[in-house]
Amino acid sequence: MPEKVVIIGSGPAGWTAAIYAARANLDPLVFEGAVSEENRQSGTLPLGQLALTTEVENFPGFPAGDLSGFLKSSLDEGHHYLADMHEKNGVSGPELMHLMRKQATNFGTRVVTDDIVEVDFGQRPFKLKSAGTDGEARQVEAQSVIIATGASANYLGLESEERFKNKGVSACAVCDGALPRFRNKPLVVVGGGDSAVEEADYLSKYASTVYLVHRRDKLRASRIMADRAKKNKKIDILWNTEVKEVLGDDDKGLTGVLLESTTGEPDREVEATGMFLAIGHTPNTGFLKGSLEMNDKGYLKWTVPFRTNTSVEGVFAAGDVSDDYYRQACTAAGTGCMAALDAERWLAGQDIIEEAVAGSYSNIGSEG
Ligand code: NAP
């Protein structure tokens with residue numbers, strides 16, 4: 001029997017879709033991604049980008065506080081180490097993701113720890129193939145599919161940058177900016193778009209100075225954002241400049257960057273305790289090999305306004321893989337919920353499930 005719904009991806013969008021699909025008796029199957037060195041390097045391990053962050057201060061429902069008792073009571077014994085390591089500052093990214101995963105499995109979601117590497121949306125039921133990284137290459141048939149594979153932050157690709165990831169190099173100011181190592185210290189933000197300005201502006205609350213390193217003489221950011229950067233006295237824009245090397249040592253982590261001019265000026269070093277990348281994201285859609293419509297940046301297109309439908313009927317997209325604008329954990333969770341409801345309604349419309357199942361919509365009134 002084909003699966004009613006297969007969910008690919010395991011960030012906030014994937015787990016929220018699974019929670020809703022499971023509660024609608026769709027018996028969802030989640031491919032959460034493989035635990036492999038390749039995925040570690042590309043930032044695509046199970047549980048998504050949040051699993052790579054520390055405190056999450058902006059996911060509603062988790063104010064600062066000691067969650068260790070709650071973590072112990074809600075997670076399986078295998079994850080009690082999270083409670084033991086808990087920092088008492090509210091929820092961390094990995095904690096939040098394990099809680100979401102647990103909530104989905106509590107309602108009967110089945111999980112495969114592997115990547116989907118091939119899809120065939122040209123026939124029904126759809127056909128999906130997994131990599132077999134977990135020891136079993138699977139061929140799965142699915143009546144509907146929710147794609148929630150997220151996006152990965154782009155890095156410069158320097159070896160020295162890799163060395164100082166989590167020791168000063170970050171691609172998420174909102175996640176990491178408030179950490180002690182970045183407070184009242186000079187920081188570097190790389191990029192010239194809205195994200196770079198937003199990150200620089202955000203970090204200027206904590207930093208002594210923020211060097212905005214941009215490779216051209218004009219920001220790509222919208223005028224209002226560019227003006228904000230120029231007006232902020234703590235932001236020093238270094239025009240026509242690129243990062244050549246990240247400097248530091250194992251003890252202190254990142255201590256500065258070596259900058260290279262694009263207009264022939266001599267290289268120079270700048271002291272900093274952090275370097276934040278804001279040079280764009282790449283959606284994780286390679287495995288789809290162009291089988292769904294994407295926008296010019298490669299993000300999956302929603303083909304019906306305010307619905308998660310893609311260009312293939314029965315395939316839905318949620319979270320960062322279809323969002324190059326908001327990219328927040330709570331917006332991803334929201335669109336994951338939408339995708340599950342859209343899939344449920346679509347399956348009912350195809351008579352694949354009984355209409356009564358779509359009655360779980362009544363939950364919207366009482367719980368949604
Ligand atoms: P973006 O607009 O694509 O800008 C990326 C920036 O990174 C560009 O300035 C680019 O330089 C630079 N860059 C790319 N690769 C680089 C490399 N290898 N080395 C050095 N610099 C590099 O991306 P974004 O800022 O993430 O914005 C994405 C979308 O979200 C945009 O549509 C944006 O408007 C929107 N957004 C809006 C807001 C807001 O309105 N508050 C906030 C965030 C994002 P070049 O300029 O030379 O190409």
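Ligands are counted one by one from 1 in listed order, and the atoms in each one are counted from 1 as well.
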Answer yes if the side chains of Asn240 and Ser261 hold a donor-acceptor pair under 3.5 Å, and no otherwise. no
Item checked: Min side-chain heavy-atom separation Pro186-Val270 under 4.5 Å -> no
Nearest non-hydrogen protein atom to atom 36 (N) of ligand 1, with distance, is Asp194 CB, 3.7 Å
Open item on the list: Membership question, hydrophobic clusters at under 4.5 Å side-chain separation (ILVMFWY): are Val117 and Ile147 in the same one?
Closed with: no
Do the side-chain N and O atoms of Thr133 and Asp114 include a donor-acceptor pair separated by under 3.5 angstrom? yes
Check your understanding: Should His214 be listed as contacting ligand 1, given a heavy-atom distance under 4.0 Å as the test?
Key -> yes
Margin query: Would a single hydrophobic cluster contain both Leu219 and Leu203, if residues Ile, Leu, Val, Met, Phe, Trp and Tyr are joined by side-chain heavy-atom contacts under 4.5 Å?
Written below: yes
Atom 29 (C) of ligand 1: closest protein heavy atom, distance to 0.1 Å, is Asp324 O, 3.6 Å
query: Between Gly280 and ligand 1, does any nitrogen or oxygen pair lie at a separation below 3.5 Å?
result: no
Worksheet item: Is there any N or O on Leu156 that sits under 3.5 Å from an N or O of ligand 1?
Response: no
For this session: Check whether any side-chain heavy atom of Lys88 lies under 4.5 Å from a side-chain heavy atom of His86, and answer yes or no.
Result: yes
Whether Lys297 lies under 4.0 Å from ligand 1, heavy atom = yes
Counting heavy atoms under 4.0 Å, the part of His281 that contacts ligand 1 is neither
Nearest non-hydrogen protein atom to atom 48 (O) of ligand 1, with distance, is Arg220 NH2, 2.7 Å
among protein heavy atoms, the one nearest atom 16 (C) of ligand 1 is Arg215 NH1, 3.3 Å
Of all protein heavy atoms, the one nearest atom 41 (N) of ligand 1 is Glu198 OE2, 3.0 Å
Looking only at non-hydrogen atoms, the one of Ala221, Ala153, Ser195 nearest atom 43 (C) of ligand 1 is Ser195
Among non-hydrogen protein atoms, atom 21 (N) of ligand 1 lies closest to Ile279 CG2, 3.6 Å
Going by the 4.0 angstrom heavy-atom rule, the piece of Ser222 near ligand 1 is neither
Are Phe121 and Val145 close enough that some pair of their side-chain heavy atoms sits under 4.5 Å apart?
yes
Closest to atom 45 (P) of ligand 1 (heavy atoms only, candidates Arg216, Glu242, Arg228, Arg327) is Arg216
In ligand 1, the atoms that come under 4.0 Å of a heavy atom of Tyr325 are 35 (C), 37 (C), 40 (O)
Closest to atom 9 (O) of ligand 1 among protein heavy atoms sits Gly192 N, 3.0 Å
If we only count heavy atoms from C-beta on, is the Ile7 to Trp15 side-chain gap below 4.5 Å?
-> no
Query raised in the report: Hey, are the side chains of Arg163 and Val246 touching, using non-hydrogen atoms and a 4.5 Å cut-off?
Result: no
Answer yes if Leu247 and Val243 sit in the same cluster of Ile, Leu, Val, Met, Phe, Trp and Tyr residues linked by side chain heavy atoms under 4.5 Å apart, and no otherwise.
no
